[in-house]
Engineer: 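Have a look at this one before I ask anything.
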Amino acid sequence: IEVDAPGLPAGMYSLRFTRSYLFASAPDCVYPTVLHQSMVSVLDPASLVSVVEYFSSLRNHYFQTANPAEMDALDTGVFPGWMRTGQRFGAYRTGTAGSSQPLLSPVCRYYGRPEYGLDTHFFSAFLFECQVVPINWPNVWIEESTDAFATPIPFSYDGSCPPGTLPVYRLFNGKAD
């Protein structure tokens, strides 16, 4: 169901509606009516951001960021060798997830220290993964952000994506780093 509600502020709302079901075409039939209720999330379009992918041929590494300052530094050569791949995906700006947007999860970002053979980044939208990294690998991974950007996470009951979203997959290429 799509509802046009211009000017509705961002937040969580309880949507209630009734629906009548026609089981027979006889004019004297009473149509059963069912009350539906669902929580809906209204997001401010200004909170949308693009997470941009970069590649460094010097390192044979990919990196993603939604941070405009990081994009500027990568685009202007402050960190030599990084180029945009042309790939991106939509997310929500930092600070968007929280009690008013429980369908969004902040994405943590860790940097793996080169002296431990890493020199790479790890992202997760799952709180348990973000919490276990410093416990299992203290001093190996440096927490760069607890909220690099925000994203909806799959439904826990079946792993499907929320309506209007597409999956973004985290891949591992088998390299030591």
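Quick note: numbers below take in every heavy atom, side chains included, and nothing from hydrogens, waters or symmetry partners. Numbers for residues simply follow the sequence, beginning at 1.
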Engineer: Are His121 and His61 side-chain neighbours, meaning at least one heavy-atom pair lies under 4.5 Å?
Structural biologist: no
Engineer: Please report the shortest heavy-atom distance between Pro154 and Pro162, naming the atom on each side.
Structural biologist: CA-CD, 4.4 Å
Engineer: With the 4.5 Å side-chain cut-off for hydrophobic clustering, are Val78 and Tyr54 part of the same group?
Structural biologist: yes
Engineer: Would you mind reporting whether Phe63 and Thr120 have side-chain heavy atoms less than 4.5 Å apart?
Structural biologist: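 Not in contact.
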Engineer: Quick one: SG on Cys108 to CD on Glu129, what's the gap to the nearest 0.5 Å?
Structural biologist: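 The distance works out to 7.5 Å.
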Engineer: Shared ILVMFWY cluster between Phe126 and Val132, side chains joined below 4.5 angstrom?
Structural biologist: no
Engineer: Is there side-chain contact between Tyr92 and Leu48, with heavy atoms separated by less than 4.5 Å?
Structural biologist: yes
Engineer: At their closest point, which heavy atom of Ser50 faces which heavy atom of Met71, and how far apart are they?
Structural biologist: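 That closest heavy-atom pairing would be O-CE, 3.6 Å.
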Engineer: When you look at CZ of Phe155, are more than 12 heavy atoms from neighbouring residues, nucleotides or ligands closer to it than 6.0 Å?
Structural biologist: yes
Engineer: Is the backbone of Gly95 close enough, under 3.5 Å, to the side chain of Asp147 for a donor and an acceptor to pair up by distance?
Structural biologist: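 Yes.
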Engineer: Spell out, yes or no, whether Leu58 and Phe55 are grouped together once hydrophobic residues are joined by side-chain heavy atoms under 4.5 Å, including indirect joins.
Structural biologist: no
Engineer: Do the non-hydrogen side-chain atoms of Phe89 and Phe149 ever get within less than 4.5 Å of each other?
Structural biologist: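 With C-beta onward as the side chain, the pair touches.
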Engineer: Find out if a path of hydrophobic residues (ILVMFWY) with successive side-chain heavy-atom gaps under 4.5 Å connects Tyr116 to Ile142.
Structural biologist: no
Engineer: Nearest 0.5 Å please: distance from the CD atom of Glu53 over to the CZ atom of Arg88.
Structural biologist: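 Rounded to the nearest 0.5 Å, the CD-CZ separation comes to 11.0 Å.
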Engineer: Return the orientation label for the Phe122 and Tyr110 ring planes: parallel under 30°, perpendicular over 60°, tilted otherwise.
Structural biologist: tilted
Engineer: So do the side chains of Glu70 and Phe79 get within less than 4.5 Å of each other, counting heavy atoms only?
Structural biologist: no
Engineer: Please confirm whether the backbone N or O of Leu118 pairs with a side-chain atom of Tyr111, one donor and one acceptor, at under 3.5 Å?
Structural biologist: no
Engineer: With a 4.5 Å limit on heavy-atom distance, are the side chains of Trp141 and Asn136 in contact?
Structural biologist: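 No, their side chains stay 4.5 Å or more apart.
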Engineer: Please tell me whether Thr65 and Asn67 have a donor and an acceptor in their side chains that are separated by less than 3.5 angstrom.
Structural biologist: no
Engineer: Check whether any side-chain heavy atom of Val133 lies under 4.5 Å from a side-chain heavy atom of Glu143, and answer yes or no.
Structural biologist: no
Engineer: How many angstroms lie between CG in Asp119 and OG in Ser56, if you round to the nearest 0.5 Å?
Structural biologist: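 The OG atom of Ser56 is 9.0 Å from CG of Asp119, to the nearest 0.5 Å.
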Engineer: Is Trp82 reachable from Val52 through a run of hydrophobic residues whose side-chain heavy atoms are each under 4.5 Å from the next?
Structural biologist: yes
